[in-house]
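A short write-up of the structure that comes next.
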Amino acid sequence: MSRKARRQDGDSPLEDLRLERTELTQDEFCVMIGIPRATYQRWIKGQTDAKPTIKQLKTLARILKIERIDELPDDFGPRGRSHSEDDTQ
């Protein structure tokens with residue numbers, strides 16, 4: 001199965017980084033970060049705000065080869081849609 005075929009629905013900058021910068025599946029990525037896959041999927045679908053611990057954030061940055069904090073996306077959910085928009089609908 002190709003990496004694009006493994007992509008989840010949505011337009012998540014975090015999912016884009018995982019696909020562009022690693023060869024890891026979602027399961028492998030989540031194990032390395034220390035989060036359940038369901039949590040990751042909620043993050044990238046914008047169903048919940050990501051609240052990684054400092055240790056998880058450091059691991060995420062290392063895996064994604066991020067050298068500066070401003071290289072991380074501000075929101076892990078779909079582009080153009082915030083978590084707060086879900087609360088108003």
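Without hydrogens or angle criteria, R42 side chain to Q47 main chain gives no donor-acceptor distance under 3.5 Å. E71 places a side-chain N or O within 3.5 Å of a backbone atom of R68 that can act as its donor or acceptor partner. The closest donor-acceptor contact from the side chain of S12 to the backbone of F76 lies under 3.5 Å. No side-chain donor-acceptor contact under 3.5 Å links T39 to the backbone of I35.
Closest heavy-atom contact between P13 and D75: CG-O, 3.3 Å. Nearest heavy atom pair, residue L24 against residue M32, reads CD1-SD, 3.6 Å. The two residues Q26 and E15 have their closest heavy-atom pair at NE2-OE2, 3.2 Å. Of all non-hydrogen atoms in L57 and P52, the two that sit nearest each other are CD1-CG, 4.0 Å. Considering every non-hydrogen atom in both P36 and C30, the closest pair reads O-SG, 4.2 Å. Considering every non-hydrogen atom in both I33 and T59, the closest pair reads CA-CG2, 4.1 Å.
Sorted by first and then second residue, the ring pair (Phe, Tyr, Trp, His ring centres under 6.0 Å) pairs involving residues 50-72 (not counting sequence neighbours) form an empty list. Under the salt bridge (Lys or Arg N to Asp or Glu O under 4.0 Å) criterion, no residue pair touches residues 58-67, with sequence neighbours excluded. Sorted by first and then second residue, the pairs that involve residues 12-39 and meet ring pair (Phe, Tyr, Trp, His ring centres under 6.0 Å), not counting sequence neighbours, are F29-Y40.
In this view, Q56 and T53 satisfy the side-chain hydrogen bond (donor to acceptor under 3.5 Å, both in side chains) rule, not counting sequence neighbours. D27 is linked by a side-chain contact (heavy atoms from CB on, under 4.5 Å) to T25, R37, counting only residues two or more places apart in sequence or in another chain. Applying the salt bridge (Lys or Arg N to Asp or Glu O under 4.0 Å) test to D74 and every residue at least two apart in sequence or in another chain returns nothing.
Residues I69 and L60 are members of one and the same hydrophobic cluster, defined by side-chain heavy-atom contacts under 4.5 angstrom among Ile, Leu, Val, Met, Phe, Trp and Tyr.
Taking CD1 of I66 as the start and CG of L72 as the end, the distance is 4.0 Å to the nearest 0.5 Å.
Comment: D16 engages R79 in a salt bridge, judged by a side-chain N to carboxylate O separation of less than 4.0 angstrom.
Inter-residue side-chain proximity for L17 and P73 is flagged as met; some heavy-atom pair is nearer than 4.5 Å.
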